[in-house]
Amino acid sequence: MTDRFDPAVADRRWQQRWEEAQSFRADSNSPKPKSYVLEMFPYPSGRIHMGHVRNYTMGDVLARFRRMQGFEVLHPMGWDAFGMPAENAAMEKKVHPGAWTRENIATMRRQLQRIGFALDWSRELATCEPDYYGHEQALFLDLMEAGLVTRKESEVNWDPVDMTVLANEQVIDGRGWRSGAVVERKKLSQWFLKITDFAEELLDGLGSLDNWPDKVRLMQENWIGKSQGLQFCFRLATSMPGGTCDIEVFTTRPDTIFGASFVAISPGHPIAEELAAGRPEVAEFIARARAGGTSAAEIETAEKLGFDTGLEVVHPFDDNWRLPVWIANFVLMDYGTGALYGVPGHDIRDYEFARKYRLPVLRVVADTTAGASAPVTEADTAPGVAVNSRFLDGMPTSDATAEVIRRAETAGWGTGKTQYRLRDWGVSRQRYWGTPIPVIHCDSCGPVGVPRDQLPVVLPDDVSFDIPGNPLDRHPTWSKVDCPSCGGPARRETDTLDTFVDSSWYFIRFASQPGNQPFDRAEAEKWLPVGQYIGGVEHAILHLLYARFWTRALERMGKLSVKEPFEGLFTQGMVTHETYESADGRWLNPDEIEIREGGVLVERATGANVRRGRVEKMSKSKKNTVDPEPILDRYGADAVRWFMLSDSPPERDLEWSEGGIEGAARFVQRVWRLAQSPTGNEGEDKALARKVHRTVAAVGEAIEGLQFNKSVAALYELTSAIERAQPSASRDEAIRTLLLLVAPGAPHLAEEAWASRSEDGMIADAGWPSFDPAMLIDDEVTIAVQVNGKLRDTLVAPRGTSREDAEALALALPKIQAQLGGNDPRKVIVVPDRLVNIVA
RNA sequence: GCGGACGUGGCGGAAUGGUAGACGCUGGAGACUUAAAAUCUUCUGCCCAUUGGGCGUGCGGGUUCAAGUCCCGCCGUCCGCACCA
């Protein structure tokens, strides 16, 4: 063995050994307890980036740790392989999306394998292959049969650049999440999954997810957006009394019903559209109302626009009370009923609208009944007691709310209702590179599911991308099929599924992948739910909500007895790097920078000064990426892995730095040198043995809590302690334990060192060391001595020293004597084995 | 606007209400070397100083023998949502 650890040789050697031994193959029939560790599978964009490396290293440490603890571990990897970039590549580079994707997968698989992840490659899957998406089509048919798929003509978010529909979740500040283009509204017939059927369950289930970040649970809760209130109908003044429902509204504040001064409907409301048909000025107003953008800034400053239709409705509690009907730009068509009644006194938005259009502002809630006549100078949204509200007067807000609902229900003009912000999930995409929706449209039979014996519906290969839009639409033959129901001529659905459908069940397919069905229930249930799921917080809503929905849908259909797919969730921080900007405003890659004497940055090519920019997430646009591959060449897998675990807490951002990777590489060599020290020593080193036990406890606890930075710090401490210790049997044992503790993070080093010390077998198969709780405590303790809470001295005493003795020892200290200046202490607090505080 | 998180040395960060700054990075000094790299030793919160002392966890209050940690009020940074009736 050499005096330096050589990753160029060792990495490959051990990766091969693990492969030969099938060390990380997950056996579904193993009698051992199961542990399912999963990282969010990557989109095969081309090459692995540092974010992937960090994500997968964390999961790998946990997977290896669990394995050493005696679990049968499932730690799989696959590819979220459908999506727009492949089609963009097809258009730009004239390559087929499939060829482009599969080539990327090959590259990225090879890159991942270089890092030595303990993955079960036998379960690898790619969502773009028929043996995956065919099963997805079967599941879609199951959902159709269960009534969880609907087809609706609806106004959709249309991305004019990608030429496709976007889900609400994919519209960010009014722009497409991928293209960045301003999203347009368009009416189309679309397939929807009825996620709203599960709104209550999905909300409820969050309560059971104790091992999820609060932040993510809260985001999902807000996204589902439950609110309770009253839904009821207004009758137009021109309609006949009795049961006519002209304008339906929803309110969470029925208690303010006597404060209503107008009714507002959305520009997209049927009544508005009807009026527009006959009156140009209405049509003109609607066009103007819709023109406003939906970006954050635009909404902030957006003027409230209203148009008085001249129509009037009748107040439900008073036949003689008329309210004007306005069309208003702030009323959303797709929330509630697309109409509301305005209570300017107690709603900020209504107040603004009423002041602008000089509508009455009434007070119907006050702190006490005495405040009934207090003028309203701004919308008062706080609860209180009802005033100026007839039979409600004097009731607290909550009672008044209940009373109005009760009366509405008794009289039959309204009902208490729970409203959700969550909408059904539109899954149709006008794209080629996605899972074909297994439906055939027949003029006489309507949409019919593709018979299961005709699955998978495979994407045709002969497509062209020279013009925008969906190539499936213009394929000469693919869509022409016979109706499975009547045999007549019919047309295959040419929309494909949103790629989030692909990622909504891949974790189930990883657990069980039979050829003839999506998964084997019994086998899947052995592994599920995923014990620990790790990924970026950017999926806090979209992917995680869809996957939860999909799992619950399977559960409701009786196909799986798992309600929540991910028991534990961890959202890791990003990998960041400084940015560099040249004098003329170009972003420069770290490779193009040279550090001169005195820390001055210059551009390598020109020698010109470079401005140091903010530390930001690695991105191509800021050119601050560091490609993992050259780093692996230079430092080896373990140094890179170790750096990913060091310093920053995993949930926070990690700044890539040269110093950091150097430090990690240095540690790898330090451990190697220790492992090369002679064995067979005799004698006990109790202090070192204690340190070992404490470190075993600390590292285990840290990994368990995914606090890798702390486990790294504890291992640095142990390493230093061993380096300082004299040779002894305890020291030999300490080195052996150190290797075991380092193994999940730096597996190649650990294996190589393990072998060099002639240990049996591979360290990958070794057991995690245990510790003796009795060894965690020292015989001697350092006791802090404070005067008035300020530290003045310390003393060393045997552990278990009595309160009296500790107090006496403390008072005898010269520094304490000096502090007291001859006076008696007023009070002495003793915390045994920790501290003495003298109150002077 | 609503909701949430965070604020500790030059930097990343540690700290069951009980010795603030573990561990790492950076930097200084020294050893080894013809030299360099590597490695090792040692120092490194700030201020005054000879022993020693004072000040320190965004700011202002409070609770406590004791507060980075708990409570109240500010300030700042970051994240999520977006006219949600």
Side-chain angles (χ1 to χ4, degrees), chain A residues 3-4 172-174 213-223 225-227 229-231 249-253 256 264 266 292 294-300 302 304 328-332 334-343 347-350 352-353 419-422 537-538 540-541 599 615 643 646-649 651-655 657-664 666-667 669-670 673 707 709-720 723-724 782-795 815 818 825-831 833-840:
Chain A
D3 59 345
R4 277 188 72 78
I172 295 149
D173 286 345
D214 290 343
K215 176 187 174 164
V216 174
R217 289 197 293 184
L218 195 72
M219 282 166 72
Q220 292 214 351
E221 189 183 322
N222 291 339
W223 191 264
K226 179 180 181 175
S227 54
L230 171 69
Q231 187 156 320
V249 295
F250 174 74
T251 176
T252 56
R253 290 293 300 275
T256 61
S266 167
T294 48
S295 78
E298 283 167 318
I299 286 170
E300 201 69 45
K304 300 258 179 298
N329 65 340
F330 64 83
V331 183
L332 307 174
D334 48 6
Y335 181 78
T337 59
L340 56 87
Y341 71 82
V343 183
D347 182 283
I348 296 165
R349 186 199 48 211
D350 296 347
E352 203 185 311
F353 188 76
Q419 191 69 243
Y420 298 92
R421 208 188 73 122
L422 185 72
V537 73
E538 66 273 19
I541 296 173
V615 174
F643 178 42
S646 308
D647 297 341
S648 286
E651 68 277 12
R652 284 197 222 168
D653 290 351
L654 172 70
E655 187 186 344
S657 71
E658 200 66 18
I661 182 69
E662 293 278 357
R666 205 150 40 225
F667 176 71
Q669 296 301 337
R670 266 172 89 194
R673 276 195 301 278
Q707 299 173 305
N709 56 321
K710 288 206 227 168
S711 75
V712 166
L715 286 166
Y716 281 139
E717 278 193 62
L718 178 61
T719 305
S720 298
E723 283 170 344
R724 281 193 300 269
T782 304
I783 294 174
V785 183
Q786 300 179 331
V787 176
N788 294 330
K790 276 191 195 299
L791 181 75
R792 293 300 172 184
D793 207 350
T794 59
L795 63 87
K815 282 182 194 169
R826 298 219 321 261
K827 192 174 173 186
V828 178
I829 282 112
V830 180
V831 182
D833 294 338
R834 294 222 63 145
L835 114 169
V836 178
N837 187 17
I838 295 154
V839 186

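The chains referred to below are lettered A, B, ... by the order of the sequence lines, with proteins before strands, and numbering in each begins at 1. Since we're looking at a predicted model, the values are computed, not measured.
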Would you find a donor on one side and an acceptor on the other, under 3.5 Å apart, between the side chain of S266(A) and the backbone of L332(A)? no

Base, sugar-phosphate, or nothing: which does L218(A) touch, judged by heavy atoms less than 4.0 Å apart? sugar-phosphate

Of L791(A) and R673(A), the one whose nearest nucleotide on RNA chain B sits closer to the 5' end is L791(A)

Note: for K815(A) and D347(A) on RNA chain B, the residue whose nearest nucleotide lies more 5' is K815(A)

For nucleotides 22-28 of chain B, tabulate all protein N/O to nucleotide N/O atom pairs closer than 3.5 Å, reporting atom names and distance.
unit_1  : atom_1 : unit_2  : atom_2 : d
rA22(B) : O2'    : E717(A) : OE2    : 3.1
rC25(B) : OP1    : R666(A) : NH2    : 2.7

Closest approach of A540(A) and V216(A), non-hydrogen atoms and distance? O-CG1, 3.8 Å

Among rA85(B), rC81(B), rG18(B), which is the nearest nucleotide to the side chain of W223(A)? rC81(B)

With sequence neighbours left out, what residues match S720(A) under side chain to side chain donor-acceptor pair (under 3.5 Å)? R670(A)

Can you see if the side chain of R652(A) gets near the phosphate of rG13(B) - specifically, an N or O under 4.0 Å from OP1 or OP2? yes

Within a 6.0 Å radius of atom CD1 on I348(A), are there more than 12 heavy atoms belonging to other residues, nucleotides or ligands? no

From rA85(B), rC84(B), rU19(B), nucleotide with atom closest to R421(A) side chain: rC84(B)

Which heavy atom of V537(A) sits nearest to which heavy atom of K215(A), and what is that distance? CG2-CE, 4.1 Å

Under 4.0 Å, counting only non-hydrogen atoms across every strand here, what does R724(A) touch: a base, just sugar-phosphate, or nothing? nothing

Measure from the side chain of N329(A), starting at C-beta and using heavy atoms only, and say which of rC83(B), rG18(B), rA85(B) lies closest. rC83(B)

I'd like to know if the side chain of Q707(A) reaches the main chain of P649(A), judged simply by a donor and an acceptor atom lying under 3.5 Å from each other, with no hydrogens or angles considered. no

Distances for protein N or O near nucleotides 48-50 of chain B N or O, under 3.5 Å:
none

With a 4.0 Å limit, can you tell me whether R349(A) has a side-chain N or O closer than that to the phosphate oxygens OP1/OP2 of rC84(B)? yes

Q419(A) meets the side chain to side chain donor-acceptor pair (under 3.5 Å) criterion, sequence neighbours left out, with none

I'd like a list of close polar pairs between nucleotides 64-67 of chain B and the protein, N/O only, cut-off under 3.5 Å.
unit_1  : atom_1 : unit_2  : atom_2 : d
rC65(B) : O2'    : N837(A) : ND2    : 3.1
rC65(B) : O2     : N837(A) : ND2    : 2.7

Checking all strands, does T782(A) fall into the base, sugar-phosphate, or nothing category for heavy-atom contacts under 4.0 angstrom? base

Cationic tip of K304(A) above F330(A) ring, under 6.0 Å, 45° of axis: yes

Of all residues at least two apart in sequence or in a different chain, which pass the salt bridge (charged side-chain N to carboxylate O under 4.0 Å, His left out) check with E221(A)? none

